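All figures in this text were calculated on a predicted structure; none of them were measured in a lab. A note on names: the letters A, B, ... follow the listed sequences, proteins ahead of strands, and every chain is numbered from 1.
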Number of protein chains: 2
Amino acid sequence: MTKTAAIIGGGVIGGGWAARFALMGWDVRIFDPDPEAERKMGEVMRNAERALPMLYDTALPERGRISFHAELADAVQGAIWIQESVPERLDLKLKVYQSLQACCLPDAVIASSTSGFKPSEIQDGAARPEQILVAHPFNPVYLLPLAELVPSPRNTPEVIDKAKTILTEIGMFPLHVRAEIDAHIADRFLEAVWREALWLVKDGIATTEEIDNAIRYGFGLRWAQMGLFETYRVAGGEAGMRHFMAQFGPCLSWPWTKLMDVPEFTDELVDLIADQSDAQSGAFTIRELEAKRDMNLVAMLRALKGREEAAGALLRSHERGLRFDPDGVPMVTQRRVVPIDWTDMNGHMNEGRYGQVFSDAAEVLMAAVGADEAYVAAGNSYFTVETTVKYLMETHAGEAIRVDSRVTLGDGKKLRVFHEMRREADNELLASCDQFMLHVSLETRRSCPPLPHVQAAVEALAARHKES
Amino acid sequence: MTKTAAIIGGGVIGGGWAARFALMGWDVRIFDPDPEAERKMGEVMRNAERALPMLYDTALPERGRISFHAELADAVQGAIWIQESVPERLDLKLKVYQSLQACCLPDAVIASSTSGFKPSEIQDGAARPEQILVAHPFNPVYLLPLAELVPSPRNTPEVIDKAKTILTEIGMFPLHVRAEIDAHIADRFLEAVWREALWLVKDGIATTEEIDNAIRYGFGLRWAQMGLFETYRVAGGEAGMRHFMAQFGPCLSWPWTKLMDVPEFTDELVDLIADQSDAQSGAFTIRELEAKRDMNLVAMLRALKGREEAAGALLRSHERGLRFDPDGVPMVTQRRVVPIDWTDMNGHMNEGRYGQVFSDAAEVLMAAVGADEAYVAAGNSYFTVETTVKYLMETHAGEAIRVDSRVTLGDGKKLRVFHEMRREADNELLASCDQFMLHVSLETRRSCPPLPHVQAAVEALAARHKES
């Protein structure tokens with residue numbers, strides 16, 4: 001049976017929760033007195049329905065129904081999860097819980113999105129405090145998996161388990177925060193960084209843009225895959241976490257931040273951290289962790305490169321300067337190594353990526369005959385109509401490969417190319433591709449003859465490739 | 001002519017610089033009195049030569065030569081870039097510069113990897129202070145683009161420009177830090193987070209692993225692509241940066257971190273930040289920034305999913321629970337939407353990704369006949385030998401697609417499948433694929449008959465698909 005969630009308070013956070021629940025197949029009932037609530041929710045939903053399904057390589061459950069309700073009692077009807085995301089005022093939250101508990105299911109989970117309040121604060125004076133806890137998400141809620149799940153001693157293990165199960169079911173990672181504390185865990189770091197950033201801007205050291213670049217081109221990429229401690233464990237190298245701490249421990253008393261209320265750096269603290277780090281990452285050697293880190297970074301950087309965003313835009317621009325001239329008969333159209341993100345569960349380059357190599361090869365050949373990025377931007381291109389790929393040998397991440405391409409037909413709007421992909425190390429033929437393309441107008445999306453200079457270059461190339 | 005860099009002090013950082021220069025075609029001359037230097041450098045180089053070339057979809061320049069030198073004077077010979085990465089002791093660094101300047105080119109750039117010292121500190125007493133500045137990199141140096149370039153007033157614009165040019169040439173992003181400050185910019189944030197993290201561990205709030213998860217499943221992913229201020233600008237929604245600051249400004253006086261030395265939250269500070277944020281991101285609307293952020297996150301999360309690491313491991317595990325049963329005649333083997341990372345410069349799904357969809361479809365079909373992940377793990381699989389893909393219509397990011405697959409031959413080790421990929425919205429045929437596979441032993445990598453239960457299932461499926 002379809003499950004129901006109630007969303008109390010829309011906005012960016014409430015809307016994000018609503019979208020995640022609905023796209024995971026839950027019916028969602030929304031209460032938000034803001035007259036703009038439905039419009040705002042619609043905007044969040046449009047973002048979410050575009051982005052979230054892209055994460056999955058399979059179908060999501062059928063989308064649940066989203067409804068808006070003028071009365072709180074109506075909104076929580078049948079809801080087994082009630083997410084409160086009203087403004088960060090304790091008095092307001094307490095009033096909402098009082099009203100909620102008068103009409104909701106007695107065993108529903110009531111979760112607060114609060115960034116700062118502790119669960120025992122928001123349970124204060126509640127009829128059934130055990131029903132209420134904190135589930136603090138991160139924007140955009142429909143993409144980021146983290147939800148800090150913070151109970152107080154008044155929550156039963158059953159409620160906590162139920163909350164974990166439901167959050168996991170909708171694709172989130174419930175981080176069980178075992179001790180109540182203002183701002184939980186993640187926001188404490190955000191607040192520390194925010195405070196330091198305000199100092200830097202105020203003191204004229206850096207602009208907001210310089211600060212963002214200092215983050216996203218460096219440690220932001222590290223933290224997206226390993227976090228703080230595991231990153232430092234790897235940085236410590238063979239000597240490990242204790243070595244790292246010995247090296248950077250003294251900085252605690254240096255003016256490396258304006259935030260100077262530091263903990264005392266004792267042997268006990270070093271042991272505590274080193275032991276926890278062993279428990280966390282000790283199953284892997286430093287070499288293994290380095291390889292994990294590097295391959296994660298390669299995959300993420302390549303993802304950003306595909307988008308031409310952030311560090312990926314830097315890579316793309318650097319690569320433009322490296323572009324080799326395709327040359328020879330047949331024309332060498334690719335020289336590269338197989339990146340980690342091209343391999344599959346068989347441990348070798350996925351067959352789809354062969355298609356990509358040949359597609360990239362065709363793009364280089366196109367550029368060589370004048371059908372380059374500017375030509376495409378001006379509204380013309382070649383589209384592939386048919387390819388036949390023969391897979392002859394396996395290839396693996398890190399291997400250097402080359403593609404030799406030969407024009408076998410260049411007649412009007414028709415372009416046919418035969419590609420051979422070889423391993424550079426021993427020149428073994430790995431795969432071949434017979435690719436048939438048609439020249440198209442990007443405006444009409446229909447075939448049409450190429451512009452004369454491209455036509456002439458294609459014919460010349462076809463003639464050269466025929467002679468040899 | 002090949003350019004030369006000298007690396008003074010190996011280790012993880014010096015080694016990372018050496019690897020980046022060498023892989024970008026520079027000759028690299030290393031001075032490091034550590035008897036283990038050559039072995040350590042070899043290990044960094046092995047990591048780097050595997051990872052760095054994977055970032056590029058083209059060939060890198062021919063690798064430069066790496067040599068080790070027992071004498072400083074020998075190491076710096078001909079070097080136009082000298083990178084100092086000796087331990088963080090000012091007296092040691094000053095001694096090194098004195099020796100360096102007695103023998104290096106007078107117009108070489110001498111750059112220090114120092115995390116903490118200001119350029120005017122390390123220039124102190126130098127024969128040619130204008131030659132020395134800070135270029136602070138981030139580990140792993142061969143993958144992360146950020147280098148904080150920190151000059152003092154004693155450096156000439158020419159030296160700064162030259163340093164920027166060279167760093168850009170080797171694929172880095174020189175962040176020009178305009179004002180000297182202890183720990184530059186990025187490490188101030190790292191230090192603030194480190195201090196807060198020490199408190200949390202010491203106070204028993206969270207373990208190192210919980211802290212890492214709080215980072216990598218949430219804001220770490222945001223910061224890998226946008227940094228702090230642009231992320232908050234988006235979070236502020238339509239009302240923008242001033243609204244965000246009004247909302248979270250008061251937290252500065254709350255105990256959300258133990259680091260309480262906060263700047264005064266004045267109107268001037270709000271204006272300063274809001275104006276800088278406008279200058280940085282004002283060319284885009286909030287909707288555009290949201291879309292950028294979401295598509296970047298999708299692409300990075302999918303990259304991590306391919307690796308089954310960090311947030312990608314969570315996604316993979318969630319997806320396993322969503323797996324639909326392939327069913328029907330022909331068998332529905334894929335239902336999904338086209339993700340953003342599958343599109344190319346023509347604005348549509350790249351032809352290589354058609355191959356991937358059909359490969360994924362074949363994997364589902366294989367699992368349906370018993371050749372599932374466990375079967376592959378036990379040493380058997382089907383490898384594709386030949387595919388012919390016909391591209392009939394374009395498809396775009398966000399569109400829902402379906403693949404119908406029909407076994408056209410299931411005879412011993414031979415398996416042939418005909419796939420049709422359709423757009424769900426209107427059932428239009430987008431592409432077809434005739435795929436010929438052979439059953440292989442993953443041990444011998446040669447063809448062999450499938451195990452009997454798979455064989456029987458393939459034959460039964462072939463018979464069903466023939467009848468209909």
Determine, stepwise, if the pair Phe138(B) / Asp187(B) fulfils side chain to side chain contact (heavy atoms under 4.5 Å, CB included). CA-CA 10 Å; Phe138(B) 292 77; Asp187(B) 272 15; 3.7 Å; yes
Max heavy-atom pairs within cutoff under 4.5 Å with chain B, candidates Gln356(A), His184(A), Glu351(A), Arg335(A), goes to Glu351(A)
Bottom line for Glu290(B): the part with an atom under 4.5 Å from chain A's heavy atoms is side chain
Separation between CZ (Arg216(B)) and CD1 (Ile211(B)), nearest 0.5 Å, reads 13.0 Å
Counting heavy-atom pairs under 4.5 Å with chain B, the top scorer among Ala400(A), Ala299(A), Ala179(A) is Ala299(A)
Given Gly355(B), Pro339(B), Pro61(B), Ala310(B), the one with more heavy-atom pairs under 4.5 angstrom with chain A than any other is Pro339(B)
Heavy-atom distance under 4.5 Å between the side chains of Arg353(A) and Arg353(B), does that happen here? yes
Checked Leu392(A), Ile185(A), Ile205(A) vs chain B; the most non-hydrogen pairs under 4.5 Å come from Ile205(A)
Under 4.5 Å to a heavy atom of chain A? For Leu200(B) that would be side chain
* Asked: How about Arg336(A) and Thr58(B): do any of their side-chain heavy atoms sit closer than 4.5 Å?
  -> no
When the 4.5 angstrom heavy-atom criterion is applied to Leu175(B) and chain A, the contacting part is side chain
Ignoring hydrogens and geometry, is there a side-chain-to-backbone donor-acceptor pair from Glu88(A) to Gly116(A) under 3.5 Å?
yes
From the list Ser277(A), Ala197(A), Ala311(A), the residue making the most non-hydrogen contacts under 4.5 Å with chain B is Ala197(A)
If one checks every heavy atom of Thr168(A) against chain B at 4.5 Å, the contacting part turns out to be backbone
Next on the checklist: Within the structure provided, determine whether Ile340(B) and Arg307(A) are in side-chain contact (heavy-atom separation under 4.5 Å).
Outcome noted: yes
Honestly, the part of Tyr142(A) sitting under 4.5 Å from a heavy atom of chain B is side chain
Of Gly218(B), Gly171(B), Ala186(B), Pro140(B), the largest count of non-hydrogen pairs under 4.5 angstrom with chain A goes to Pro140(B)
Bottom line for Lys390(B): the part with an atom under 4.5 Å from chain A's heavy atoms is both
### Task
Go through the steps to decide whether Asn350(B) and Thr343(B) satisfy the test side chain to side chain donor-acceptor pair (under 3.5 Å), and finish with yes or no.
CA-CA 5 Å; Asn350(B) 179 269; Thr343(B) 54; over 6 Å; no
Can we say Glu210(B) and Arg178(A) salt-bridge, meaning some charged N sits less than 4.0 Å from an Asp/Glu carboxylate O? yes
Highest number of heavy-atom pairs under 4.5 Å with chain B among Leu272(A), Asp294(A), Leu221(A) belongs to Asp294(A)
Most contact-rich option vs chain A, by heavy-atom pairs under 4.5 angstrom, among Leu301(B), Val12(B), Val177(B), is Leu301(B)
Checked Glu386(A), Glu268(A), Arg222(A), Met54(A) vs chain B; the most non-hydrogen pairs under 4.5 Å come from Met54(A)
Bottom line for Leu304(B): the part with an atom under 4.5 Å from chain A's heavy atoms is side chain
Q.
For Thr208(A) and Tyr232(B): C-alpha separation, side-chain torsions, deciding distance, then whether side chain to side chain contact (heavy atoms under 4.5 Å, CB included) applies.
A. CA-CA 11 Å; Thr208(A) 59; Tyr232(B) 285 159; over 6 Å; no
Honestly, the part of Glu169(B) sitting under 4.5 Å from a heavy atom of chain A is backbone
Highest number of heavy-atom pairs under 4.5 Å with chain A among Met172(B), Lys202(B), Arg293(B) belongs to Arg293(B)
Bottom line for Asp341(A): the part with an atom under 4.5 Å from chain B's heavy atoms is neither
Cut-off 4.5 Å, heavy atoms of chain B, and the answer for Leu228(A) is both
Whatever's closer than 4.5 Å to a heavy atom in chain B on Lys305(A) counts as side chain
Query raised in the report: Under a 4.5 Å cut-off applied to non-hydrogen side-chain atoms, are Gln276(B) and Glu209(A) in contact?
Result: no
Okay, Leu314(B) and chain A: the region with an atom under 4.5 Å from a heavy atom over there is side chain
Margin query: Could you check whether any side-chain heavy atom of Val201(B) comes within less than 4.5 Å of a side-chain heavy atom of Thr207(B), counting everything from C-beta outward?
Written below: no
With chain A, the option among Leu144(B), Asp212(B), Leu146(B) that has the most non-hydrogen atom pairs under 4.5 Å is Asp212(B)
Most heavy-atom pairs under 4.5 Å with chain A, out of Asp57(B), Asn213(B), Asn47(B), belong to Asp57(B)
So, the part of Ala362(B) with a heavy atom under 4.5 Å from chain A: the answer is neither
Cut-off 4.5 Å, heavy atoms of chain A, and the answer for Glu230(B) is both
Applying a strict 4.5 Å limit to non-hydrogen atoms, the region of Met300(B) in contact with chain A is both
| message | I'd like to know if the side chain of Tyr391(A) pairs up with that of Thr387(B) as donor and acceptor (distance under 3.5 Å, no hydrogens or angles considered). | response | yes
Bottom line for Gln334(A): the part with an atom under 4.5 Å from chain B's heavy atoms is side chain
Is the shortest heavy-atom distance from the side chain of Phe219(B) to the side chain of Trp223(A) under 4.5 Å?
yes
Original post:
Short question: side chain of Arg233(B), backbone of Gln280(B) - any donor-acceptor pair under 3.5 Å?
Top reply: no
Note: Val376(A) and Ser381(A) closest approach over all heavy atoms is CG2-OG, 3.8 Å
Bottom line for Met295(A): the part with an atom under 4.5 Å from chain B's heavy atoms is both
Cut-off 4.5 Å, heavy atoms of chain B, and the answer for Val357(A) is neither
Got a donor-acceptor contact below 3.5 angstrom from the Arg445(A) side chain to the Leu442(A) backbone? yes
Whatever's closer than 4.5 Å to a heavy atom in chain B on Ile181(A) counts as side chain
Are side-chain heavy atoms of Leu315(A) and Glu319(A) found at a separation under 4.5 Å? no
- [ ] Go through the steps for Trp194(A) and Phe189(A) under the test ring pair (Phe, Tyr, Trp, His ring centres under 6.0 Å), then give the verdict.
- [x] CA-CA 8 Å; Trp194(A) 177 242; Phe189(A) 301 125; over 10 Å; no
So, the part of Leu269(A) with a heavy atom under 4.5 Å from chain B: the answer is side chain
